[in-house]
Amino acid sequence: MNDQIAARSSFTDYVEPIWFQELSSGLSIRAHFVVSGNVRDVYPIRGETDLEFVDFECATWTVLKAKNCTALLVHDPVEGLRLHHECDTAVIPDLERHGLTLGTVADTPDELADLANRVMGAVDLPIALVIDYASIMLKQKGPDVARLFIAMDKASRGPAPMRPRRLGAVPPRNPIIWVVDRTGDVPEWFSLRNPGIRDMVVGLPDLTERTSFIDLMSASLPSVGEMSADDHDAAVERFAVRCDGMALMEIYGIVDLARAENIPFEEIDTALRSFRLGTTRNPWTSPVMRARVRNSKPVLEGRVKGQPRALERTYDIIVRSIMGLSGAQTTNRGNRPRGVLFFVGPTGVGKTELAKAVAEVMFGDESAMVRFDMSEFMGDESIGRLIGPPPGHAGHENGGELVNALRARPFAVYLFDEIEKANPRILDMFLQILDDGRLSDTRGETGYFSEALIIFTSNVGMVGGDKSNNAGQTVLPSDSAKVLERKLTDAVGYHFRSVLRRPELMNRLGQNVVPFQFINIHSSVIIFDAIISRVVAAAAEEHEVEVVLTDDAREQLLEICTFDLNDGGRGIGNRIESGFINPLSRILFNRSAPKKLTVTRVYQEDGEVHLEVE
């Protein structure tokens with residue numbers, strides 16, 4: 001890409017990036033600038049007739065030139081010392097007179113200190129020095145680096161040198177501009193306790209900058225010339241909104257990808273998805289997924305029993321996600337997750353099972369569900385597991401579990417179990433996920449939720465603080481479906497607004513709360529029969545034995561396994577395991593392989609369940 005790009009758009013409304021102003025005003029009082037952030041991007045400046053986009057070095061020279069500086073020197077570990085290409089080469093003899101020989105490489109901190117001191121000591125030359133890739137050298141640590149910054153600190157605290165009057169209005173000092181990966185790469189005492197030093201963070205481009213840049217870049221894409229001016233402007237604005245949080249060079253990469261793949265501008269979202277996720281594949285538009293979802297109700301009902309209202313609500317949100325209409329009422333819906341579901345209700349009623357079923361229906365495999373148990377993320381240190389430990393801590397280079405999972409499986413169901421137990425800082429992180437559809441780890445890697453379906457589960461509202469009535473239960477099995485749904489929905493709202501003090505998170509969840517009912521007698525029988533059928537099928541597959549329960553035995557086992565429904569389907573499954581699977585396993589283990597086992601009686605004795613078989 002060229003060092004600068006001339007834009008077609010007018011710059012009558014041009015507003016320069018904040019860091020331009022910060023550098024310009026700081027030149028009057030600062031000796032050093034420690035610059036981090038978006039320093040490898042391009043930035044808008046005023047050209048002679050049009051807006052131009054230039055790199056950091058050119059942008060810095062634009063500011064310095066306006067302050068009557070003579071030259072900008074740049075040093076990096078590969079090319080050594082060089083003169084910025086827009087500067088007048090007539091200054092080279094004056095530079096050499098001060099011992100500033102182009103091509104010199106400062107390989108050590110002591111040599112870098114000598115170079116910086118020579119620049120600062122050239123009082124008759126208003127120049128500046130950019131030390132690029134400074135973090136590489138500063139990571140060496142040790143006494144040499146300490147001496148470097150002590151020398152810089154001492155020089156910056158002294159009075160500004162007397163400039164020759166012939167120079168006119170120029171900065172009082174020759175500044176040193178340190179380009180670092182992050183502010184912490186320079187000693188804290190150096191950057192925080194010296195009024196002559198300024199920390200500058202170069203921000204990401206705002207909407208105006210992105211719009212101007214996209215307006216320029218779009219001219220090279222197919223079909224742009226066939227679009228009306230209004231359609232083109234609308235497409236530019238839409239794409240600029242979708243690129244929120246991206247550098248202009250990333251946008252350039254997207255446009256370059258669209259150009260290479262012959263993607264028309266009106267379909268630029270395809271290139272954006274490919275740039276972010278590394279693939280042009282989009283299963284959400286696949287006719288296979290749509291067919292699976294269209295026929296999914298029997299599959300969902302087969303896996304989750306006794307929850308017709310929850311299944312219907314879930315189905316609606318899935319369909320909305322496939323059609324790309326989730327968050328259609330918002331301006332940045334394209335960046336938000338494909339869909340969000342919040343399952344709330346008693347334990348063991350099928351919340352996690354439904355999440356697995358959704359993954360199976362949509363992506364053909366329940367392993368496409370990535371699960372995080374939020375009870376494991378309650379401590380202050382637990383956020384490091386999701387987004388990675390801070391720089392300098394063990395494991396930082398490995399990144400965070402959640403961002404790594406997103407980058408590996410962008411098209412998936414992400415389940416966050418018992419969300420109310422998560423650390424408050426993690427809840428704040430979910431605000432960004434639901435709003436912007438992205439999450440960055442401590443290494444700077446970004447994962448995108450824009451193609452994922454997010455499911456939260458919670459038991460909020462099941463138990464209140466008052467234990468004097470109903471053992472503290474706020475919802476009861478005797479509640480009607482409508483009453484229970486109202487209680488649970490109100491409880492979720494109260495918990496996020498008043499207990500967690502995160503009303504904004506509740507606002508993001510909107511109407512996506514899906515209440516689950518208690519397991520009743522009718523649904524408990526369906527769950528019981530479904531589990532028994534799976535056990536019988538497993539015995540036939542593993543041991544080639546047919547297991548049959550007589551009607552009496554089935555009724556006896558049913559009574560034992562469903563006498564208490566407070567633990568839902570999970571409780572039924574646990575009692576089937578102890579009351580049927582365990583004794584059946586003993587029988588099969590102790591007998592020579594039978595072809596058929598008929599269970600004629602099920603009874604309890606001394607707290608254990610026994611089977612009589614033929």
Side-chain angles (χ1 to χ4, degrees), residues 297-311 345-354 356-357 459 462 470-471 473 475-481 483-484 516-614:
K297 286 189 176 181
V299 177
L300 299 178
E301 292 168 355
R303 294 192 59 166
V304 180
K305 311 294 185 181
Q307 302 293 340
R309 295 170 70 90
L311 292 180
T347 182
V349 296
K351 298 190 294 292
T352 302
E353 185 68 19
L354 182 53
K356 293 178 181 178
N459 296 322
M462 296 307 302
N470 304 309
Q473 285 189 280
V475 295
L476 303 171
S478 58
D479 289 336
S480 67
V483 169
L484 184 140
F516 280 64
Q517 306 289 324
F518 280 97
I519 298 298
N520 56 33
I521 296 297
H522 174 70
S523 55
S524 70
V525 175
I526 298 175
I527 293 171
F528 171 84
D529 285 337
I531 297 175
I532 292 296
S533 296
R534 289 199 291 270
V535 175
V536 169
E541 181 181 345
E542 293 290 334
H543 304 285
E544 297 182 351
V545 58
E546 180 185 359
V547 178
V548 178
L549 280 80
T550 65
D551 291 343
D552 288 342
R554 175 188 172 280
E555 290 298 324
Q556 292 159 359
L557 183 60
L558 176 64
E559 183 177 351
I560 291 171
C561 295
T562 61
F563 74 95
D564 181 2
L565 300 180
N566 284 329
D567 292 330
R570 187 177 295 115
I572 297 173
N574 290 340
R575 285 187 284 274
I576 289 176
E577 183 178 53
S578 60
F580 182 58
I581 297 176
N582 288 351
L584 178 62
S585 299
R586 288 195 298 269
I587 292 170
L588 293 174
F589 183 76
N590 292 325
R591 295 189 180 196
S592 58
K595 294 297 182 184
K596 182 176 182 179
L597 279 178
T598 301
V599 181
T600 58
R601 181 182 176 222
V602 182
Y603 64 96
Q604 286 182 300
E605 188 175 277
D606 298 328
E608 288 191 0
V609 179
H610 299 270
L611 306 180
E612 286 186 4
V613 299
E614 291 180 355

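As the structure is a prediction and not an experimental result, all values here were calculated from the model. Because only heavy atoms are used, hydrogens play no part in the values below, and waters and symmetry mates are left out as well, while side chains stay in.
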Legend entry - Leu597 and Leu584, any side-chain heavy atoms less than 4.5 Å apart: yes
Working to the nearest 0.5 Å, report the span between [atom1] of [X] and [atom2] of [Y].
X      : Y      : atom1 : atom2 : value
Ile531 : Ile572 : CD1   : CD1   : 6.5 Å
Phe580 : Ile532 : CZ    : CD1   : 5.0 Å
Leu557 : Tyr603 : CG    : OH    : 14.0 Å

Inset, instruction - Scan for salt bridge (Lys or Arg N to Asp or Glu O under 4.0 Å) pairs involving residues 596-614, sequence neighbours excluded, and state none if there are none. - result: Arg601-Glu612
Inset, instruction - Please collect all salt bridge (Lys or Arg N to Asp or Glu O under 4.0 Å) contacts where either partner lies in residues 529-557, sequence neighbours excluded, each pair once. - result: Asp529-Arg554
Legend entry - For Leu611, the option from Thr600, Ile587, Leu549 that meets side chain to side chain contact (heavy atoms under 4.5 Å, CB included): Ile587
Inset, instruction - For Val525 and Thr562, run side chain to side chain contact (heavy atoms under 4.5 Å, CB included): C-alpha distance rounded to whole Å, both residues' side-chain angles, the deciding distance at 0.1 Å, then the answer. - result: CA-CA 8 Å; Val525 175; Thr562 61; over 6 Å; no
Inset, instruction - Taking side-chain contact (heavy atoms from CB on, under 4.5 Å) as the test, write out the residues that go with Ile526, two or more places apart. - result: Lys305, His522
Inset, instruction - Only counting residues at least two apart or in another chain, list the ones meeting side-chain contact (heavy atoms from CB on, under 4.5 Å) with Ile560. - result: Val602, Gln604, Val609
Inset, instruction - Sequence neighbours left out, what passes salt bridge (charged side-chain N to carboxylate O under 4.0 Å, His left out) with Arg303? Give chain and number order. - result: Glu353, Glu360, Glu366
Legend entry - Leu311 to Val304 - nearest heavy-atom pair and separation: CD1-O, 3.8 Å
Inset, instruction - Compare every heavy atom of Val349 with every heavy atom of Phe516, then report the nearest pair and how far apart it is. - result: CB-CG2, 3.6 Å
Inset, instruction - For residues 575-587, pull every pair meeting side chain to side chain donor-acceptor pair (under 3.5 Å), keeping only residues two or more places apart or in separate chains. - result: none
